[in-house]
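For reference, the structure is listed below as structure tokens.
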Amino acid sequence: MTPKAYSYIRFSTPEQARGDSLRRQTMKAEAWCAERGVELDDSLRDLGISAYQGANRITGALRSFLDMVEKGQIARGSYLIVESLDRLSRETVIDAATQLFALIQAGIVVVTLSDGQEYSSDRLRQDWTPLIISLAVMARAHDESRVKSERVGEAWRQKKAAARAEGRPLTPRCPEWLEVRDGAFVERPERVTLVRRIFQETIEGFGRREIMRRLNVEGVPTFRGGKGWQTSSIAKVIQSRAVLGEYQPHSGTHKNRNRKPDGDSILNYYPRIIDDETFWRAQNATAGRRQSAAGRKGKNGAHILQGLARCASCDGPMHIQNKGKPPKGGIYFACSRNVRKAGCDNDRRIRVDLLERDLLTALLHVDVAALASLDDETPQMLRQIEALKAKLADAKARRTRLLSVLVTEDEEVQEQFVQVAAEVKELTKRLKEQEKAAASRQADPGIIVRLTTANELSGQLEEADLEKRRELRIKLSSLLRGLVERVDCRPIGPVMILKPRLEVQMKGVMPFAFRMDLGIVSMLLESSPNKDALDQFFVGLGGASGMD
């Protein structure tokens, strides 16, 4: 390769791009190359990246150049032009010098325009005095950055101390649903209402993509005036602990990859706009969707059995097959392994709309009144369990993150780990106590609310317009995951199995065969099953059963 000159331009803050720094460094490099007739590559730019802790060495344009040097992709004798050595590094002298020497030994000539020095292997073997100059420059650069960092750090420590002691805002920046007015955080009512809506819809079963779609269809403006909502914006709202009033100070920056929590969260720093139960139920709902019902929705919404239908023969998922428009066609459930000829012989195809209709009809015959005598406090207990599970998962995740950095022997990190470990232990204990109390009851009274609501929503489907039907189907899908354990798709037909320990009574004339065995209710969702199907459904099973 023919040697050429590579101009490396760096400055610490993006604001410097609007000043003279970029123009000055560029013009000096161009003039040096023109004087010597050397080809210039001016693509190496790290704009707004600090060199104090080596961020430019770890990532960005300088990292790319160093990688090419190590791989031999930069010809020996090539030039690396910088305004001064502090553009390359402001790390400690030993780190900055190590980087400089590595470049020189790789055959790169480092040129500093401010003092006209050229650091090359050939020159330094004859005259080592430039090294004295380089060490002095490196030491001064590091000391300047260290003093500045200490001053800025102390100012921020004082601000954070005031924030902890007095709740004083650190900066005018704050969550999008708040603003700073007269030195205090103030709610923005229309945005607070929107945040609460996002949490409620998440709990009701709407995923990020669906909430985004609904907000955009309604023309709801984004917090920052962008062109429509994004799923990432919805996720940030749901995951933000600022809605609970918490603020987590940090040290370091994202761009330097050294950003980390600075002490504990400050409680009651912001105005709280979401209660604990709502927050953790939303986290649980989000986790539940990832496990069983995530994915894109069609224009009418997903089928309401998403995540519930399984092949009874191989326990594999049931996938959708579109066979055209009814009455001859339709949307069908089919065993994925059977379709792929991967070892399952269950070739039964079940029309989705008819199965949905039959399942909702079956639920109408569950006697809600028979459950009404249960303790009214139990639904609240179950919601508390739901919230505790989400809190425990969050604490365990924080414990894992802290565990990965314990090797630093940072006393503050060690203290945080001990605190989080104690929190995990306490939450685990509370969760076990709550679950034991709930298990002592014979059924889940939350079922009462779910059944009643599911029945009400299913009754509204027929007369709803397209958008309302989509909303109702999404809500029904979420409700059914709290009522139905699964739907076994068998060669004899689909069998709905309700959640364990739900020992319900039936009312009216049951159109389906059902059985109650060991606290589990199962229904064969075939309106006119033949004798062989009934025999297979009931054979070898005890307990009450029946069909009218």
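Numbering of residues begins at 1 and proceeds along the displayed sequence.
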Review point. Just wondering, do L363 and L359 contact through their side chains at under 4.5 Å, heavy atoms?
Key: yes
Point to revise | S7 vs L44 side-chain heavy atoms within contact, under 4.5 Å | key: no
Lys/Arg-Asp/Glu bridge criterion (N-O < 4.0 Å) met for [X], [Y]:
| X | Y | result |
| --- | --- | --- |
| R197 | E201 | yes |
| E277 | K391 | no |
| E210 | R213 | yes |
| K396 | D394 | no |
| E246 | R272 | no |
| E423 | K429 | no |

Taking all heavy atoms of [X] and all of [Y], pick out the closest pair and write down the distance.
| X | Y | result |
| --- | --- | --- |
| T231 | R209 | CG2-CA, 3.8 Å |
| W177 | V192 | O-CG2, 3.8 Å |
| T222 | G225 | OG1-N, 3.0 Å |
| V424 | L392 | O-CD1, 3.7 Å |
| M138 | A97 | SD-N, 3.6 Å |
| F199 | Q283 | CE2-NE2, 4.1 Å |

**Study point:** Side-chain donor-acceptor pair present, D95, T92, cut-off under 3.5 Å
**Key:** yes
Check your understanding: When you check the side-chain N and O atoms of S64 and D67, is any donor under 3.5 Å from an acceptor?
Key -> no
Side chain [X], main chain [Y], donor-acceptor under 3.5 Å:
| X | Y | answer |
| --- | --- | --- |
| R486 | L308 | no |
| T278 | I274 | no |
| R191 | E176 | yes |
| R10 | A61 | no |
| D315 | R310 | no |

**Study point:** Test log, rule side chain to side chain contact (heavy atoms under 4.5 Å, CB included), inputs I320 and V352
**Key:** CA-CA 9 Å; I320 290 296; V352 174; 3.8 Å; yes
Review point. Quick one: is the NZ or CZ of R214 closer than 6.0 Å to the six-membered ring centre of F206, and within 45° of its axis?
Key: yes
Practice item. Evaluate the side chain to side chain contact (heavy atoms under 4.5 Å, CB included) criterion for residues Q416 and R398: first the C-alpha distance (whole Å), next the side-chain angles of each, then the deciding distance (0.1 Å), finally the verdict. Key: CA-CA 10 Å; Q416 289 179 9; R398 285 186 282 124; over 6 Å; no
Practice item. Please lay out, stage by stage, how I497 and V484 fare under the test side chain to side chain contact (heavy atoms under 4.5 Å, CB included). Key: CA-CA 6 Å; I497 302 172; V484 180; 5.9 Å; no
**Study point:** Pairs where residues 225-234 contributes a residue and the test salt bridge (Lys or Arg N to Asp or Glu O under 4.0 Å) is met, not counting sequence neighbours
**Key:** none
Practice item. Please test L215 against I234 for side chain to side chain contact (heavy atoms under 4.5 Å, CB included), starting from the C-alpha separation and ending with a verdict. Key: CA-CA 10 Å; L215 294 179; I234 305 299; 3.8 Å; yes
Check your understanding: What's the verdict on ring pair (Phe, Tyr, Trp, His ring centres under 6.0 Å) for F65 and Y6, showing C-alpha distance, side-chain angles and the deciding distance?
Key -> CA-CA 9 Å; F65 181 79; Y6 297 84; 5.4 Å; yes
Exercise for review: Could you check F223 against W229 for ring pair (Phe, Tyr, Trp, His ring centres under 6.0 Å), going step by step and ending with a plain yes or no?
Suggested key: CA-CA 9 Å; F223 288 152; W229 287 85; 5.3 Å; yes
